Amino acid sequence: MEINPLTKPGACHRTGVEVSGVKLSQPMGAEDKARLNRVFVEHGVLVIRDQKLAPREMLEAVKIFGSVFQQHNTRFALPDCPQIHYLSNQDRFPDGRRYVPGEGWHTDHSNDSRPPKATALHAVALPERGGDTQFANMAAAYEALPQQTKRRIAGLVAIHVYQSSHSARKLMALPQAGMERVPNAVLHPITRTHPESGKKSIYINPIRIEGILGLDHREALPLLDELLEHATAERFQYRHVWRPGDLVIWDNRCLLHKANGDYDMSETRYLYRVMLQGDVPC
Ligand code: SIN
């Protein structure tokens with residue numbers, strides 16, 4: 001197994017490594033599993049090249065990193081392997097508009113009381129060019145905040161819902177069946193400490209945050225905008241250019257991510273997605 005960093009020398013963070021020489025469809029030894037988990041916590045994004053995994057093989061493979069999280073919107077579940085969902089640019093909203101999943105900065109399923117620690121995507125079909133996924137390192141962004149802002153946000157708690165009324169990006173509605181599994185609203189701190197690395201991160205989500213507990217929207221929304229603008233500056237980013245066969249797994253506890261719908265929509269972008277159970281953010 002070979003592991004190489006993907007961030008440029010001199011960057012203020014070390015997000016992303018490329019892993020080659022592994023076959024995730026085959027059993028892996030305990031030492032390699034432990035190494036991958038260490039590297040995952042250290043770098044936040046693993047890009048495991050040259051895989052060709054059927055849904056059940058992907059499900060087995062990601063268990064190297066934890067147990068499977070039940071994704072909320074069951075309309076995207078694969079019929080034969082419902083713990084795996086798909087992402088596709090060929091779906092449409094009921095009014096006919098195209099639905100491009102994952103556009104806009106976010107962290108996955110933060111409206112859950114124990115949001116997923118990780119998300120893994122496996123590329124099945126990719127456009128000729130474009131459709132990159134960007135990641136922003138929230139620990140590096142927190143570290144770079146002025147002391148005054150760190151003091152201002154310490155102890156603030158955000159209200160997360162399935163779909164924030166302030167979000168420009170609209171999600172596909174939840175199907176009626178299974179809706180009771182999805183909480184109406186949960187509270188999470190705006191900064192959180194990574195349970196494994198001990199590093200502090202900004203924890204915000206423009207798609208899901210409805211407000212900040214005890215703050216008027218006139219104060220809360222500009223503060224959230226200011227944090228988002230700071231945290232997603234290019235210097236905190238790793239941008240993933242997909243290759244056929246990539247399996248990418250990232251740490252939702254300390255990263256924001258977004259998909260780019262910047263490619264020819266007559267081409268199909270289709271990926272399998274699975275999430276892994278996380279802890280209560282604190
Ligand atoms: C997502 O937000 O989970 C999707 C990211 C992507 O499609 O690149």
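When a ligand or atom number is given, it counts from 1 through the structure's own listing order. A quick note: this is a predicted structure, and the numbers were derived from the prediction, not measured. Numbering of residues begins at 1 and proceeds along the displayed sequence. Heavy atoms only: backbone and side chains are in, while hydrogens, waters and symmetry mates are out.
- Within ligand 1, counting atoms from 1 as listed, the ones closer than 4.0 Å to a heavy atom of H106 are 1 (C), 2 (O).
- Atom 3 (O) of ligand 1 has its closest protein heavy atom at R273 NH1, 3.3 Å.
- For the side-chain contact (heavy atoms from CB on, under 4.5 Å) criterion with L121, the lone passing option out of L271, D246, I249, L247 is L271.
- F69 and H109 have perpendicular rings, their planes meeting at more than 60° on a 0 to 90° scale where under 30° would count as parallel.
- Annotation: W250 places no N or O atom under 3.5 Å from an N or O atom of ligand 1; distance criterion only.
- Looking only at distances, a side-chain donor or acceptor of Q237 sits under 3.5 Å from a matching main-chain atom of T232.
- Under a 4.0 Å heavy-atom criterion, L121 is in contact with ligand 1.
- Between the E103 side chain and the G261 main chain, a donor and an acceptor come within less than 3.5 Å of each other.
- R273 and Q71 share a donor-acceptor pair across their side chains, judged by distance under 3.5 Å alone.
- Scanning the protein heavy atoms around atom 7 (O) of ligand 1, the nearest turns out to be R269 NH1, 2.8 Å.
- Aromatic ring pairs are classed by plane angle as parallel below 30°, tilted from 30° to 60° and perpendicular above 60°; the pair H160 and H188 is perpendicular.
- Residue-ligand proximity: L87 is placed with a non-hydrogen atom under 4.0 Å from ligand 1.
- For ligand 1, the atoms sitting less than 4.0 Å from at least one non-hydrogen atom of A259 are 5 (C), 6 (C), 7 (O), 8 (O), numbered in the order shown with element in parentheses.
- The shortest N or O to N or O distance between D132 and ligand 1 is not under 3.5 Å.
- Under a 4.0 angstrom heavy-atom cut-off, H240 registers as lying outside contact with ligand 1.
- Close N/O approach between T119 and ligand 1 is not found [any backbone or side-chain N/O within under 3.5 Å].
- Protein heavy atom in closest approach to atom 1 (C) of ligand 1: H257 NE2, 3.5 Å.
- Cation-pi geometry between R239 and F135 is not met: the NZ or CZ atom fails to fall both under 6.0 Å from the ring centre and inside 45° of the normal.
- Taking a cut-off of under 4.0 Å to the non-hydrogen atoms of G102, the atoms of ligand 1 that pass are 2 (O).
- With respect to atom 8 (O) of ligand 1, the closest heavy atom belonging to the protein is T133 OG1, 2.5 Å.
- The backbone N or O of R269 lies less than 3.5 Å from a partner atom in the side chain of N89, making a donor-acceptor pair.
- Remark: side-chain polar atoms of E210 are paired, donor with acceptor, to backbone N or O of S165 under 3.5 angstrom.
- Ligand 1 has no N or O atom lying under 3.5 Å from any N or O atom of K258, backbone or side chain.
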